[in-house]
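Here's the structure we're looking at; comments come further down.
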Amino acid sequence: MSSLECKGFTEEQEALVVKSWNVMKKNSAELGLQLFLKIFEIAPSAQKMFSFLRDSNVPLHQNAKLKPHAMSVFIMTCESAVQLRKAGKVTVRESSLKKLGAVHFKYGVVDEHFEVTKFALMETIKEAVPEMWSAEMKNAWGEAYDLLVAAIKTEMKPST
């Protein structure tokens with residue numbers, strides 16, 4: 001899957017992603033926060049990458065800046081997944097892939113970070129839609145996430 005074309009993302013996968021996103025959408029704030037709490041549970045050192053968490057003594061789930069950030073990341077990831085087949089490529093709303101790539105580059109994000117996030121994302125979705133969860137759905141979300149990460153990685157260079 002070195003190409004960023006989304007030929008590998010099937011109609012069936014799209015249907016699973018869309019169906020689950022329609023259920024999760026209304027809880028994106030909560031689910032986004034859950035996603036980040038899982039990430040920090042697996043990789044506590046990841047917290048140091050977020051300036052707004054570094055000097056904060058507030059419990060993570062009460063951090064005023066983490067919630068909106070987590071929600072926007074969750075929504076962006078899910079909407080990018082939903083758009084894959086329609087757009088024929090990875091699309092990101094509100095913030096360009098160039099900007100995302102530059103930010104991830106600046107903060108020193110590496111493959112392991114993307115892997116931890118993928119694992120946390122799968123767990124979050126599985127808990128959000130347990131009655132829909134299946135191996136097929138896991139594969140669909142995994143494929144969509146991998147394509148998004150591949151697109152971000154192609155732009156991971158210093159911002160000009």
Side-chain angles (χ1 to χ4, degrees), residues 1-9 13-14 16-18 20-22 24-56 60-61 63-125 128 137-160:
M1 283 293 331
S2 59
S3 157
L4 295 183
E5 287 298 303
C6 305
K7 293 183 189 82
F9 194 66
Q13 288 177 315
E14 178 190 43
L16 290 168
V17 164
V18 170
S20 50
W21 174 231
N22 286 337
M24 295 187 291
K25 212 180 277 184
K26 61 184 182 299
N27 297 325
S28 359
E30 272 315 299
L31 294 171
L33 188 59
Q34 263 178 27
L35 168 66
F36 272 79
L37 293 175
K38 280 182 201 306
I39 291 169
F40 298 146
E41 196 181 305
I42 301 164
S45 62
Q47 288 180 48
K48 295 188 193 77
M49 301 178 102
F50 297 89
S51 54
F52 57 82
L53 296 178
R54 257 181 250 139
D55 311 310
S56 171
L60 281 173
H61 65 279
N63 185 296
K65 289 189 175 152
L66 179 58
K67 265 191 167 158
H69 176 76
M71 179 174 160
S72 72
V73 168
F74 187 71
I75 290 174
M76 182 210 69
T77 302
C78 294
E79 295 203 327
S80 158
V82 167
Q83 294 296 319
L84 269 177
R85 274 179 63 84
K86 212 173 295 160
K89 63 182 193 310
V90 171
T91 53
V92 176
R93 217 174 40 142
E94 282 160 36
S95 130
S96 74
L97 279 169
K98 269 194 184 0
K99 186 175 159 203
L100 274 173
V103 166
H104 284 83
F105 177 85
K106 178 179 159 190
Y107 289 107
V109 175
V110 293
D111 287 355
E112 291 82 76
H113 297 125
F114 286 120
E115 283 307 309
V116 164
T117 303
K118 181 179 183 176
F119 178 80
L121 178 69
M122 295 304 144
E123 289 296 300
T124 302
I125 296 170
M137 182 171 280
K138 183 180 181 180
N139 290 338
W141 277 105
E143 181 75 21
Y145 178 81
D146 290 346
L147 287 163
L148 174 62
V149 167
I152 291 172
K153 282 182 180 175
T154 60
E155 300 295 343
M156 277 181 72
K157 42 195 173 265
S159 55
T160 46

Exercise. Which heavy atom in Val90 sits nearest to a heavy atom in Leu97, and how many Å separate them?
Worked result: O-CD1, 4.0 Å

Problem set entry | Side chain Tyr145, main chain Phe114, donor-acceptor under 3.5 Å | yes

Seminar exercise, completed: Here the gap from Ile152 atom CD1 to Leu100 atom CG, rounded to the nearest 0.5 Å, amounts to 5.0 Å

Problem set entry | Any side-chain heavy-atom pair of Asp146 and Lys118 under 4.5 Å | yes

For this session: For the residue pair Glu14 and Val18, establish whether any side-chain heavy-atom pair is separated by less than 4.5 Å.
Result: yes

For this session: Kindly write out the residues that satisfy side chain to side chain donor-acceptor pair (under 3.5 Å) with Asn27, not counting sequence neighbours, or none if the list is empty.
Result: none

For this session: Heavy atoms only: give me the nearest Phe50-His69 pair and the separation to one decimal.
Result: CE2-NE2, 3.5 Å

Exercise. Does Met71 reach the side chain of Ile75, with side-chain heavy atoms less than 4.5 Å apart?
Worked result: yes

For this session: Flag yes if more than 12 heavy atoms outside Lys67 fall under 6.0 Å of its NZ atom; otherwise flag no.
Result: no

Exercise. Roughly how far apart are Ile39 CD1 and Thr124 OG1, rounded to 0.5 Å?
Worked result: 7.5 Å

Exercise. How about Phe52: does its CZ atom have over 12 heavy atoms from other parts shown lying under 6.0 Å from it?
Worked result: yes

Seminar exercise, completed: Between Trp21 and Ser28 the two heavy atoms that sit nearest each other are CH2-OG, 4.2 Å

Problem set entry | Lys106 atom NZ, over 12 foreign heavy atoms within 6.0 Å | no

Exercise. In Å and rounded to the nearest 0.5 Å, what is the CG to NZ distance from Leu16 to Lys138?
Worked result: 14.5 Å

Exercise. Once you round to the nearest 0.5 Å, how far does NZ of Lys38 lie from CE of Met122?
Worked result: 13.0 Å

Exercise. Should Arg54 and Gln47 count as side-chain neighbours, where that means a heavy-atom distance under 4.5 Å?
Worked result: no

Exercise. Does any non-hydrogen side-chain atom of Met156 lie less than 4.5 Å from one of Val109?
Worked result: yes

Exercise. Can you tell me how far the CG atom of Leu31 sits from the CD1 atom of Ile125, to the nearest 0.5 Å?
Worked result: 9.0 Å

Exercise. Is His113 close to Met49 at the side-chain level, that is, under 4.5 Å between some pair of heavy atoms?
Worked result: yes

Seminar exercise, completed: Nearest heavy-atom contact between Ser20 and Trp141 is OG-NE1, 3.0 Å

Problem set entry | Glu155 with Lys98: basic N within carboxylate O range, under 4.0 Å | yes

For this session: Begin with the C-alpha distance, continue with both residues' side-chain angles, and end with the deciding distance and a verdict on side-chain contact (heavy atoms from CB on, under 4.5 Å) for Leu121 and Phe74.
Result: CA-CA 9 Å; Leu121 178 69; Phe74 187 71; 3.9 Å; yes

For this session: Kindly compute the distance separating CZ (Phe105) from NZ (Lys157), expressed to the nearest 0.5 Å.
Result: 10.0 Å

For this session: Kindly give the heavy-atom pair with the smallest separation between Ala70 and Leu33, and that separation in Å.
Result: CB-N, 3.8 Å

Problem set entry | For the student: nearest non-hydrogen atoms of Asp111 and Lys153, plus distance | OD1-NZ, 2.8 Å

